[in-house]
Amino acid sequence: MRLSGYFIPTLRDTPKEAQIVSHRYMLRAGMVQQASAGIYSWLPMGHRVLRKVEQIVREEQNAAGAHEILMPTIQAADLWEQSGRYHDYGAEMLRIKDRHGRDMLYGPTNEELVTDIFRSHVRSYRSLPLNLYHIQWKFRDEMRPRFGVMRGREFLMKDNYSFDLDHEGAIRSYNKMFIAYLKTYARMGLRAIPMAAETGPIGGDLSHEFIVLAETGESEVFCHRDWLTDDIRNRSIDMEGDLQPVVDSFLERYAATDDKHDPSNCPVAPEDLVVTRGIEVGHIFYFGTKYSDPLGGRVAGPDGREVAVHMGSYGIGISRLVGAIIEASHDDRGIIWPEPVAPFRVGVVNLAVGNEECTRVCDDLYAQLGAAGIEVLIDDRDERPGAKLADMDLIGLPWQVIVGPRGLRSGVVEVKDRRTGATEEMTPEAATARLAA
RNA sequence: CGGGGUGUAGCGCAGCCUGGUAGCGCAUCUGCUUUGGGAGCAGAGGGUCGGCGGUUCGAAUCCGUCCACCCCGACCA
């Protein structure tokens with residue numbers, strides 16, 4: 001992508017409404033624009049990251065055997081009256097009337113709809129287990145939206161719903177998602193810790209929330225230091241096997257938020273205890289027949305008798321994750337994107353667009369990196385070097401190739417690792433080879 | 001929803017207390033010079049001062065009212 005014709009409206013000053021670092025950088029890097037309180041437009045850079053996060057979530061869901069569907073944002077109230085939640089959900093639910101005066105709502109979640117789909121088509125235990133997910137915008141009319149996309153009213157969420165014949169099967173489905181979640185966050189370069197959680201308005205009796213560690217997170221977290229060193233990607237896990245021991249191996253390791261942590265009664269030795277902060281980015285629930293009972297999600301079991309299916313639901317806040325990743329990965333110059341979610345992998349900076357040699361080298365780099373399948377953003381704007389370098393640091397692409405007349409006099413360009421700040425001079429050919437590797 | 005605060009040019013702000021018809025920095029446009037970490041000079045454009053009502057000869061400024069947004073709290077992916 002050529003920046004001269006692209007749309008990244010960066011800001012030099014921080015808009016005053018933005019307090020936390022992810023919100024400030026998302027506005028300054030031209031990723032989002034607030035439309036009203038807790039509601040955002042996603043501009044090209046933000047949109048690219050959102051889609052990358054979404055795609056990683058999708059791939060891990062598919063790998064775990066879930067099937068993607070897409071349910072609407074607007075739902076009819078009558079289904080929610082059947083489950084009893086039309087009354088229970090309260091002011092958080094945005095209620096709408098259509099032109100006929102029928103009660104509608106902008107979905108805050110989808111248990112009712114997915115159960116309706118299930119009950120319409122599934123009659124036998126032979127169709128189980130079944131796990132359906134979708135990635136869709138939700139609306140919860142928060143009392144106080146804040147922190148930019150981290151706590152918006154409208155947000156993009158992956159939510160899925162498992163259907164099993166009995167409790168035992170439901171726990172298998174739950175454990176699968178538990179592992180899938182850890183893999184999902186690890187792929188985004190995040191450290192995520194599952195913690196036992198309250199179930200809130202979703203209900204149920206088994207629930208974990210997943211907290212990603214970030215120094216600027218919303219809540220204080222206490223955990224065993226093994227959480228920081230263990231990478232689930234180094235384990236080989238048979239997703240079709242018995243996952244209970246694997247899940248247990250994670251859960252026996254201490255982790256608690258400040259409201260549950262008791263310093264005087266902590267099972268972890270002080271030298272092994274890590275105190276940091278975190279952001280909730282996912283939540284999984286097992287709630288049995290809470291919705292299948294009232295909504296008639298029933299199947300015939302092996303003995304021919306009809307039983308209500310056991311369900312679980314599993315959410316990942318995708319738009320929130322974009323903010324959480326920035327909270328977990330930034331410095332005082334701007335964002336530092338982990339490669340898997342970076343809007344572009346490499347930024348080529350032409351320091352002197354008026355210089356033929358610079359422009360030729362940049363165009364070659366751009367073409368060759370592109371041909372190697374690398375997503376490249378080239379800053380070919382006629383701007384001051386300082387402004388271009390500052391913008392490139394701000395938008396946080398993992399790699400920068402800085403091309404200027406000074407280096408080219410000795411035939412080299414500068415390759416910079418955004419995370420470490422380390423720079424290395426090399427020929428353009430060597431830079432291409434390095435970044436394409 | 002309780003408490004606090006802010007709305008003045010695209011962004012950040014001053015002016016308001018003590019009424020006299022709007023200003024600064026950055027950004028934008030033009031020209032010249034400059035070119036490795038947010039340039040210099042010269043010129044230009046851009047604002048129904050959040051909306052409505054009131055007081056006054058006169059309101060960004062005083063009064064009333066409504067709206068929007070932000071922060072703290074209780075609640076949440």
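What you see is a predicted model; the values in this text were computed from it and never measured.
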Exercise. With ring centroids as reference points, do A:Phe118 and A:Phe163 lie under 6.0 angstrom apart?
Worked result: yes

Exercise. Under 6.0 Å between ring centres, would you say that holds for A:His261 and A:Tyr254?
Worked result: yes

For this session: Looking only at side-chain atoms of A:Lys16, point me to the closest of B:C75, B:U6, B:A77.
Result: B:U6

Exercise. Of all the choices, B:G25, B:C76, B:G73, which nucleotide is nearest to the side chain of A:Asp13 once you look at every atom?
Worked result: B:G25

For this session: Calculate, to the nearest 0.5 Å, the distance between atoms CD and CD belonging to A:Gln368 and A:Glu429 respectively.
Result: 7.0 Å

Exercise. Which whole-number value in Å describes the distance from A:Ile20 CD1 to B:C72 P?
Worked result: 10 Å

Exercise. What is the distance from atom CG of A:Leu394 to atom CG of A:Leu11, rounded to the nearest 0.5 Å?
Worked result: 8.5 Å

For this session: Take the protein atom CE of A:Met157 and the nucleotide atom P of B:A77, then report the distance between them rounded to whole Å.
Result: 8 Å

Seminar exercise, completed: Contact string for nucleotides 34-41 of chain B, one letter per nucleotide 5' to 3', B = base within protein heavy-atom range under 4.0 Å, S = sugar-phosphate only, - = neither, reads BBBBBB--

For this session: For B:G38 and B:G20, measure between their C1' atoms and round to the nearest Å.
Result: 40 Å

For this session: In whole angstrom, give the distance that lies between atom CD of A:Glu142 and atom P of B:C71.
Result: 13 Å

Exercise. Do you know which of A:Asp379, A:Thr423, A:Asp417, A:Asp393 makes side-chain hydrogen bond (donor to acceptor under 3.5 Å, both in side chains) with A:Gln400?
Worked result: A:Asp393

For this session: Please work out if A:Glu17 contacts a base, only the sugar-phosphate, or nothing of the nucleic acid, heavy-atom cut-off 4.0 Å.
Result: sugar-phosphate

Seminar exercise, completed: Comparing nearest nucleotides in RNA chain B, the 5'-proximal residue of the pair A:Gly282, A:Phe147 is A:Phe147

For this session: Mind calculating the distance between NE2 (A:His23) and P (B:C11) to the nearest angstrom?
Result: 14 Å

Exercise. Okay, side chain of A:Arg345, backbone of A:Leu435: is any donor-acceptor separation there less than 3.5 Å?
Worked result: yes

Problem set entry | Rounded P spacing from B:U56 to B:G51 in Å | 22 Å

Problem set entry | Partner nucleotide of B:C32 by Watson-Crick or wobble geometry (both distances under 3.5 Å) | B:G40

For this session: Assess whether atom CZ of A:Arg2 is packed by more than 12 heavy atoms of other residues, nucleotides or ligands within 6.0 Å.
Result: yes

Exercise. Tell me: CD of A:Glu280 to C1' of B:C76, nearest whole Å?
Worked result: 8 Å

Exercise. Could you state the CZ-P distance from A:Arg24 to B:C71, rounded to the nearest angstrom?
Worked result: 12 Å

Seminar exercise, completed: From CZ of A:Arg151 across to C1' of B:C72 the rounded distance in Å is 13 Å

Exercise. By a strict heavy-atom criterion of less than 4.0 Å, which residues belonging to residues 29-54 of chain A are in contact with RNA chain B?
Worked result: A:Gln34, A:Ser36, A:Ala37

Problem set entry | Any donor-acceptor N/O pair, A:Lys158 side chain to A:Tyr314 backbone, under 3.5 Å | yes

Problem set entry | Nearest-Å distance once atom C1' is located in both B:G54 and B:C72 | 35 Å

Problem set entry | Pairwise C1' distance for B:C49 and B:A68, with rounding to whole Å | 16 Å

For this session: Would you tell me if any nitrogen or oxygen in the side chain of A:Arg144 comes within less than 4.0 Å of OP1 or OP2 on B:A74?
Result: no

For this session: Searching all strands shown, indicate the nucleotide that pairs with B:G2 (Watson-Crick or G-U wobble; both distances under 3.5 Å).
Result: B:C72

Problem set entry | Any strand: nucleotide that pairs with B:A22 via Watson-Crick or wobble, under 3.5 Å | none

Problem set entry | Nearest-angstrom distance, C1' atom, B:G4 to B:A14 | 23 Å

For this session: Report yes if the distance between the aromatic ring centroids of A:His208 and A:Phe178 is under 6.0 Å, otherwise no.
Result: yes

Problem set entry | Any strand: nucleotide that pairs with B:U65 via Watson-Crick or wobble, under 3.5 Å | B:G51

Seminar exercise, completed: note: A:Met195, atom CE; B:C76, atom P; distance rounded to Å ~ 17 Å

Exercise. When you compare B:U8 with B:G15, how far apart are their C1' atoms, in angstrom units rounded to a whole number?
Worked result: 9 Å

Problem set entry | Partner nucleotide, any strand, of B:C17 [Watson-Crick/G-U, under 3.5 Å] | none

For this session: Given side chain to side chain contact (heavy atoms under 4.5 Å, CB included), test A:Phe210 with A:Thr184 step by step and report yes or no.
Result: CA-CA 11 Å; A:Phe210 289 75; A:Thr184 300; over 6 Å; no

For this session: Name all pairs fulfilling the ring-ring contact (aromatic ring centres under 6.0 Å, His included) condition that reach into residues 141-162 of chain A, sequence neighbours left out, sorted by first residue then second.
Result: none

For this session: For nucleotides B:A59 and B:C41, find the distance between their C1' atoms and express it as a whole number of Å.
Result: 39 Å

Exercise. Expressed in whole Å, how much space separates the C1' atoms belonging to B:C57 and B:G43?
Worked result: 39 Å

